[in-house]
Amino acid sequence: MAAICVFCASSRTLDQRWLDLAAETGAELARRGHTLVSGGGCVGMMGALADGARAAGGRTVGVIPQALIDLEVSDLASDELLVTDSMASRKTLMIQKSDAFLTLPGGLGTLDELFEVWTTATLAMHTKPMVLVDTDGFYRPMLDWLAALTDQNFLKPAGLGLLVVAPTVSTALDALESRLT
């Protein structure tokens, strides 16, 4: 199957529902036979995601900068933990190691990763599928803003169309899998 990179929050102060969503995502990836590629952290949604994948028998690959290891937040239980020298090299390696990208709710770091992958796709630097999980309309304000950018010709409709939006993890993974075959 595929190596699917999941971007999500690493905050330690999230509501339990977001941690549950991440754990469900990791478990569903494993059940479908995919390898999880993540940011290599063991906290917040990122930790729940990796734990969920492993609990369901999945393989996990973490990619983490040395600076975050030094903060003692690395997922030492990862099947493979790749250490980079910077956040920028982390994103590059995550793109290289992945066949597709799934974005769950998150903050600045999650958005940074999403926009890096999306920007490089619009520049034809890769053709890997990208799906945004818009649970309970979490990303709706951002998606409305992006649509307005398209209306004003700051973003081409084809670029906007590269990102698939799905309401649930199951429909998101179905969309990714249909684009991988």
Side-chain angles (χ1 to χ4, degrees), residues 1-11 22 25-26 28-30 32-50 52-54 58-69 71 73-75 78-134 138-139 142-143 146 149 155-156 158-166 169 172-181:
M1 297 309 293
I4 299 182
C5 184
V6 178
F7 304 131
C8 61
S10 61
S11 171
T25 301
E28 185 64 18
L29 282 168
R32 293 180 183 221
H34 300 298
T35 295
L36 167 65
V37 178
S38 75
C42 65
V43 295
M45 289 176 72
M46 198 182 310
L49 173 74
R54 284 191 292 272
R59 183 172 189 281
T60 61
V61 177
V63 184
I64 190 166
Q66 183 64 50
L68 294 183
I69 289 178
L71 293 174
V73 296
S74 58
D75 181 14
S78 257
D79 294 303
E80 185 177 357
L81 189 63
L82 305 171
V83 180
T84 65
D85 62 356
S86 69
M87 294 294 278
S89 58
R90 174 200 215 182
K91 290 183 289 188
T92 299
L93 189 55
M94 290 168 85
I95 292 169
Q96 291 170 353
K97 290 282 185 183
S98 302
D99 300 310
F101 304 92
L102 182 73
T103 303
L104 296 174
L108 288 178
T110 302
L111 292 173
D112 176 52
E113 292 163 336
L114 168 64
F115 281 106
E116 176 81 15
V117 168
W118 196 0
T119 299
T120 53
T122 64
L123 297 171
M125 298 173 84
H126 71 82
T127 58
K128 299 172 183 181
M130 304 166 293
V131 177
L132 180 74
V133 180
D134 189 29
F138 182 88
Y139 283 111
M142 180 188 79
L143 294 168
L146 290 166
L149 289 180
L155 173 62
K156 293 179 183 174
L160 184 62
L162 290 174
L163 182 68
V164 175
V165 179
V169 169
L173 289 175
D174 290 346
L176 279 181
E177 289 170 343
S178 72
R179 286 158 177 77
L180 285 168
T181 56

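Throughout, residue positions are numbered sequentially from 1 according to the sequence presented. Fair warning: this is a prediction, and the values are worked out from it, not measured in the lab. As a basis for the values below, the full set of heavy atoms in this structure was taken, side chains included, without hydrogen atoms, waters or symmetry mates.
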Does any N or O in the side chain of Lys128 come within less than 3.5 Å of the main-chain N or O of Ile95, such that one atom is a donor and the other an acceptor? yes
How long is the gap from CG on Leu176 to CZ on Phe101, to the nearest 0.5 Å? 10.0 Å
Tell me, do Trp118 and Leu160 make a side-chain contact under 4.5 Å, heavy atoms counted? yes
Measuring only between side-chain heavy atoms, which start at C-beta, is Gln96 closer than 4.5 Å to Leu93? yes
Closest non-hydrogen contact found for Val83 with Pro65 is CG1-C, 4.5 Å
Excluding sequence neighbours, so at least two apart, what forms side chain to side chain contact (heavy atoms under 4.5 Å, CB included) with Ala121? His126, Met130, Leu162
Correct closest heavy-atom pair for Tyr139 and Leu104 would be OH-O, 2.8 Å
Asp75 to Ala50 - nearest heavy-atom pair and separation: OD2-CB, 3.4 Å
Is the closest basic N to carboxylate O distance between Arg32 and Asp174 below 4.0 Å? yes
Nearest heavy atoms of Leu180 and Ala2, plus distance in Å: CD1-CB, 3.5 Å
Quick check: are there more than 12 heavy atoms from other residues, nucleotides or ligands sitting under 6.0 Å from CG of Leu71? yes
Taking atom CZ of Arg90 and atom CD of Glu113, what is their separation to the nearest 0.5 Å? 5.5 Å
Do Arg54 and Thr60 have side-chain atoms, one donor and one acceptor, less than 3.5 Å apart? yes
Any side-chain to backbone donor/acceptor pair from Thr119 onto Glu116? Under 3.5 Å, distance only. no
So Asp112 and Met87, do their side chains get closer than 4.5 Å, heavy atoms only? no
Is there side-chain contact between Val73 and Met46, with at least one heavy-atom pair below 4.5 Å? no
Keeping the roles fixed (side chain from Arg59, backbone from Asp79), state whether a donor-acceptor pair exists under 3.5 Å. no
Rounded to the nearest 0.5 Å, how far apart are SG of Cys8 and CG of Leu49? 5.0 Å
When rounded to the nearest 0.5 angstrom, what is the spacing between CD1 in Ile4 and CG in Leu29? 5.0 Å
Could you grab the distance from atom CZ of Phe115 to atom CG of Leu108, nearest 0.5 Å is fine? 11.0 Å
So, taking the atom named CG in Leu163 and the one named CG in Leu143, what distance separates them when rounded to the nearest 0.5 Å? 7.0 Å
Could you go through the side chain to side chain contact (heavy atoms under 4.5 Å, CB included) check for Val6 and Ser38 one step at a time? CA-CA 6 Å; Val6 178; Ser38 75; 5.6 Å; no
Pairwise side-chain contact, Pro105 with Thr110, heavy-atom cut-off 4.5 Å (strictly under): no
Identify the heavy atoms of Ala22 and Ala48 that sit nearest to each other, and give their distance. CB-CB, 4.1 Å
Met1 atom CE, neighbour heavy-atom count above 12 within 6.0 Å: yes
Heavy-atom donor-acceptor pair, Ser98 side chain to Ala100 backbone, under 3.5 Å: no
Taking all atoms of both residues into account, what is the closest heavy-atom pair of Gly40 and Ile64, and its distance? O-CD1, 3.5 Å
